[in-house]
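Because only heavy atoms are used, hydrogens play no part in the values below, and waters and symmetry mates are left out as well, while side chains stay in. Both counts, for ligands and for their atoms, begin at 1 and track the order of listing.
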Amino acid sequence: MCYKKISYIEWGVVMIDDTITAIATAPGEAGISIIRISGKSSIDILDSIFQSKNGVSIQDFSQRKMVYGHIIDREKNKVLDEVLAVYMKAPHTYTKEDIVEINCHGGIVPTRNILELILRSGAQMAEPGEFTKRAFLNGRIDLAQAEAVMDLISAKTDKGFEVALNQLEGTLSKKVRALRNIIIETLAHLHVSIDYTEEDIQEITYPELLSNSENVKENIEGLLKTSETGKIIREGLNTVIIGKPNVGKSSLLNALLRESRAIVTNIPGTTRDVIEENLSVKGVPLKIVDTAGIRETEDLVEKIGVERSKEFFNKADLIILVLDASDELTKEDREIIELIEERKAIIILNKTDLPMKIGEDELQSLLKEKKIIRSSIIEEKGLMEIEDEIVRMVYGGQVKSANNYFVTNVRHKASLEKALKSIEEGIDAIKQSLPFDLLEVDIKDCYDALGEVTGDTVDDDVIDKIFANFCLGK
Ligand SMILES: Nc1nc2c(ncn2[C@@H]2O[C@H](COP(=O)(O)OP(=O)(O)OP(=O)(O)O)[C@@H](O)[C@H]2O)c(=O)[nH]1
Ligand SMILES: [Mg+2]
């Protein structure tokens, strides 16, 4: 029995005829593994390989009920494993198709043997992300929601997970759809105005067009504004700790990490190369780099370290400059302060437990508007303020709890930028009172670009590319 893959479009719904299977859990030794089957034949396949304890067919049990039994290779008359199996009927399932899940013993042998048996029984091996792709093609979720599934799995921080979960629940999609609805109404009115000029129909006016389009434009800009934070939530904020030697840079890294990662000594030039670490500050993921103190040096190894520090400095999103309060401002400090003038930076005045020598007035005048945080890493003071400031820098002026959607995906960002460009061109055309059929093109382009986010207007090859990045069994 083999189910050939035939897809055809019927009433706008893609019907998929073949049944797919994959191991849904991570490979290797584990308590249990789960093998998934989805498609028309999944329940028949389970029936043909599963024997419940009392010999009753699985189909005589109600759906969504875990049934205890064994997987039997009937051809070889061999028991493959002791399992719990469940079936779920379409359409209220992950893929909107009939789904089977078999919980077997975790381990390479039982999972491989059961998977092989399912394949022999007529299922096809699923491609990466194919279960989620079916959920999309069968209309249960849109493309942005499908992408959120992958983000959920790969999220490294609580915040990343929370944002992905919101996206999965459709927060971003809803916002985009609302904008598309405004546009479609405008387009409809525009159409009528173009096609039925002779008749007694209220034509859309230029001021009306302008106000609708500007509303759309502002909303797209609002979404795009979240993308900088969105990128950080997804990929981490590139942060670099700089300062002259011996000010406490490595001590700060260790304090933020809450472990002794970098060597700390009172010898200037202790850190000779960059040290990279990932950490989460109140849910904000940071890719943080502790650098070799920047100074003129003849030591070759240290020289290379200083050069590498400068490279990291150049590409950082956020700079944490550490200064020593117990020392006077030096030429090195002044040079570094000059370097960060145009950059997003947090200034830390460390070693405040020692007698102050630094000229604070001069320092503040050099730093202009930049905020100075006092700390004594050794006495564990100021760390909370530093963490709060990092979070504040990331969210900018935005109140994070009020904003539960962020554009985290570069594909979405590109589509929104395209939509923005089209609506801006449309607005220009409206302002010049160009003919309706010319405006219509720009407004329609904006509508289509927004549709790319939710997958309403997107090419098949884009869809294939997106799902190819998923893991197998999802
Ligand atoms: N009194 C005092 N000493 C501190 C403080 N923070 C760090 N130190 C000490 O300052 C010295 C240098 O600290 P590090 O963290 O190694 O400094 P660094 O900036 O990484 O130094 P290099 O790697 O050499 O550039 C160590 O002896 C620390 O214990 C502080 O808040 N107060
Ligand atoms: Mg150091």
Side-chain angles (χ1 to χ4, degrees), residues 237-279 281 286-316 318-340 343 345-360 363-364 366-367 370-390:
L237 180 75
N238 281 314
T239 309
V240 63
I241 309 176
I242 60 159
K244 69 181 177 197
N246 218 35
V247 290
K249 299 181 293 301
S250 300
S251 305
L252 174 64
L253 175 77
N254 291 344
L256 287 170
L257 284 170
R258 291 171 176 78
E259 62 172 276
S260 289
R261 168 67 180 86
I263 301 169
V264 169
T265 75
N266 58 2
I267 306 162
T270 302
T271 310
R272 294 185 141 218
D273 198 357
V274 291
I275 299 172
E276 283 184 84
E277 277 295 328
N278 288 300
L279 77 114
V281 172
L286 250 60
K287 278 194 236 162
I288 196 160
V289 174
D290 173 26
T291 62
I294 296 178
R295 65 167 172 179
E296 296 289 332
T297 172
E298 289 309 313
D299 181 310
L300 183 65
V301 178
E302 201 183 338
K303 214 173 193 159
I304 296 170
V306 171
E307 282 312 309
R308 297 227 318 138
S309 301
K310 285 182 183 161
E311 274 170 38
F312 276 93
F313 169 83
N314 288 336
K315 61 179 191 203
L318 175 68
I319 291 153
I320 300 180
L321 166 61
V322 185
L323 298 166
D324 183 347
S326 70
D327 192 11
E328 283 165 10
L329 267 184
T330 62
K331 185 173 139 257
E332 285 148 335
D333 289 325
R334 291 194 185 87
E335 277 170 12
I336 301 172
I337 290 171
E338 217 167 279
L339 281 179
I340 62 165
R343 307 283 296 268
I346 297 175
I347 320 299
I348 293 165
L349 198 50
N350 192 34
K351 304 200 187 182
T352 49
D353 52 292
L354 298 176
M356 294 273 278
K357 274 206 194 148
I358 203 158
E360 273 195 276
L363 181 63
Q364 189 67 71
L366 287 174
L367 288 169
K370 289 196 164 74
K371 189 174 165 186
I372 302 171
I373 299 173
R374 295 156 152 266
S375 75
S376 166
I377 308 285
I378 233 167
E379 292 187 345
E380 297 179 3
K381 284 186 186 145
L383 202 65
M384 287 277 275
E385 285 83 347
I386 296 169
E387 291 185 330
D388 286 345
E389 187 63 13
I390 292 171

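- Contact record, L256 with L279: O-CD1, 3.9 Å, taken as the closest heavy-atom pair.
- When heavy-atom distances to ligand 1 are checked against 4.0 Å, the residues falling inside are P245, N246, V247, G248, K249, S250, S251, V264, T265, N266, I267, P268, G269, T270, T271, G293, N350, K351, D353, L354, S376, I377, I378, ordered by chain and number.
- Annotation: cation-pi pair K315/F312 present, NZ/CZ under 6.0 Å from the ring centroid and within 45° of its normal.
- Protein N/O/S atoms closer to the Mg ion (ligand 2) than 2.8 Å number 2 in this structure.
- Closest approach of S309 to T291, counting heavy atoms only: OG-CB, 3.2 Å.
- Every residue meeting the side chain to side chain contact (heavy atoms under 4.5 Å, CB included) condition with K244, not counting sequence neighbours, appears here in chain and number order: V247, D327, T330, E332, D333.
- Every residue two or more places apart in sequence or in another chain that forms a side chain to side chain contact (heavy atoms under 4.5 Å, CB included) with T239 is listed here: L237, L286, I288, L318, I320.
- Remark: E387 engages R258 in a salt bridge, criterion side-chain N to carboxylate O under 4.0 Å.
- When every heavy atom of A345 is checked against every heavy atom of K370, the shortest pair comes out as CB-CE, 3.8 Å.
- Without hydrogens or angle criteria, R343 side chain to A316 main chain gives a donor-acceptor distance under 3.5 Å.
- A donor-acceptor contact closer than 3.5 angstrom links the side chains of S375 and N350.
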